[in-house]
Amino acid sequence: MTPEQTKTAEKMTSVKAAWDKAPSGPKKDSALKHYQAAEKANTAKNDAETNKELDAATHALA
(Lines give C-alpha, C1' and ligand atoms only; values in the text may rest on other atoms or scores of the structure.)
Protein backbone atom coordinates (compact mmCIF):
# COMPACT_ATOMS: atom_id res chain seq x y z
CA MET A 1 0.00 0.00 0.00
CA THR A 2 1.15 3.50 -0.74
CA PRO A 3 1.32 6.03 2.09
CA GLU A 4 -1.81 7.70 0.70
CA GLN A 5 -3.73 4.40 0.74
CA THR A 6 -2.56 3.71 4.29
CA LYS A 7 -3.70 7.16 5.40
CA THR A 8 -7.10 6.64 3.75
CA ALA A 9 -7.51 3.21 5.38
CA GLU A 10 -6.70 4.70 8.79
CA LYS A 11 -9.18 7.52 8.19
CA MET A 12 -11.88 4.99 7.26
CA THR A 13 -11.24 3.09 10.50
CA SER A 14 -11.39 6.31 12.51
CA VAL A 15 -14.65 7.49 10.91
CA LYS A 16 -16.22 4.05 11.35
CA ALA A 17 -15.30 4.08 15.04
CA ALA A 18 -16.82 7.54 15.47
CA TRP A 19 -19.96 6.39 13.67
CA ASP A 20 -20.22 3.29 15.89
CA LYS A 21 -20.10 5.49 19.04
CA ALA A 22 -22.58 8.08 17.76
CA PRO A 23 -26.13 8.05 19.12
CA SER A 24 -28.90 6.98 16.75
CA GLY A 25 -30.59 9.74 14.82
CA PRO A 26 -30.53 11.76 11.60
CA LYS A 27 -26.85 12.71 11.97
CA LYS A 28 -25.83 9.06 12.21
CA ASP A 29 -28.06 8.14 9.25
CA SER A 30 -26.52 10.90 7.13
CA ALA A 31 -23.00 9.88 8.13
CA LEU A 32 -23.75 6.26 7.20
CA LYS A 33 -24.69 7.29 3.65
CA HIS A 34 -21.40 9.15 3.29
CA TYR A 35 -19.44 6.27 4.81
CA GLN A 36 -21.04 3.80 2.38
CA ALA A 37 -20.17 6.11 -0.52
CA ALA A 38 -16.59 6.24 0.81
CA GLU A 39 -16.44 2.43 0.89
CA LYS A 40 -17.63 2.31 -2.71
CA ALA A 41 -15.06 4.91 -3.80
CA ASN A 42 -12.34 3.06 -1.90
CA THR A 43 -13.23 -0.17 -3.68
CA ALA A 44 -12.87 1.73 -6.96
CA LYS A 45 -9.41 2.92 -5.79
CA ASN A 46 -10.56 6.56 -5.87
CA ASP A 47 -8.72 8.06 -2.88
CA ALA A 48 -9.86 11.62 -3.56
CA GLU A 49 -13.54 10.68 -3.56
CA THR A 50 -13.05 8.38 -0.56
CA ASN A 51 -11.52 11.19 1.48
CA LYS A 52 -14.23 13.63 0.38
CA GLU A 53 -16.96 11.25 1.56
CA LEU A 54 -15.13 10.51 4.83
CA ASP A 55 -14.86 14.25 5.50
CA ALA A 56 -18.60 14.59 4.79
CA ALA A 57 -19.35 11.71 7.18
CA THR A 58 -17.24 13.32 9.90
CA HIS A 59 -19.00 16.64 9.34
CA ALA A 60 -22.42 14.93 9.50
CA LEU A 61 -21.58 13.49 12.92
CA ALA A 62 -20.40 16.83 14.30
Side-chain angles (χ1 to χ4, degrees):
M1 286 172 86
T2 67
E4 184 65 30
Q5 289 170 324
T6 301
K7 198 163 98 178
T8 300
E10 288 172 359
K11 192 172 184 179
M12 286 193 76
T13 302
S14 173
V15 171
K16 178 72 166 94
W19 182 85
D20 286 339
K21 291 177 188 173
S24 296
K27 287 182 175 185
K28 188 170 184 173
D29 295 341
S30 177
L32 177 61
K33 289 177 186 167
H34 288 295
Y35 184 79
Q36 289 171 332
E39 286 180 318
K40 196 172 186 181
N42 192 48
T43 301
K45 306 269 189 260
N46 185 342
D47 284 341
E49 185 67 20
T50 301
N51 282 308
K52 182 179 132 194
E53 290 295 342
L54 290 172
D55 289 342
T58 301
H59 182 72
L61 288 172

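Owing to the predicted nature of the structure, the values given are computational and were not obtained by experimental measurement.
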Tell me, do Glu39 and Met12 make a side-chain contact under 4.5 Å, heavy atoms counted?
yes

Which heavy atom in Asn42 sits nearest to a heavy atom in Thr50, and how many Å separate them?
N-OG1, 3.0 Å

Residue list, salt bridge (charged side-chain N to carboxylate O under 4.0 Å, His left out) with Asp20, at least two apart or on another chain:
Lys16

Name all residues meeting the salt bridge (charged side-chain N to carboxylate O under 4.0 Å, His left out) criterion together with Lys52; count only those two or more places apart in sequence or in a different chain, and write none if there are none.
Glu49

Is a side-chain N or O of Thr58 found less than 3.5 angstrom from the main chain of Leu54, in a donor-acceptor match?
yes

Non-neighbouring partners of Asp55 that pass salt bridge (charged side-chain N to carboxylate O under 4.0 Å, His left out), sequence neighbours left out:
Lys11

Nearest-0.5 Å distance, CG of residue Leu61 to OG of residue Ser30
8.0 Å

Which atom names give the shortest non-hydrogen contact between His34 and Ala60, and what distance separates them?
CD2-CB, 4.5 Å

Minimum heavy-atom distance between Val15 and Tyr35, given as atom pair plus value:
CG1-CD1, 4.0 Å

Could you check whether atom NZ of Lys27 has more than 12 heavy atoms from other residues, nucleotides or ligands sitting under 6.0 Å from it?
no

How many angstroms lie between CG in Leu32 and CH2 in Trp19, if you round to the nearest 0.5 Å?
5.0 Å

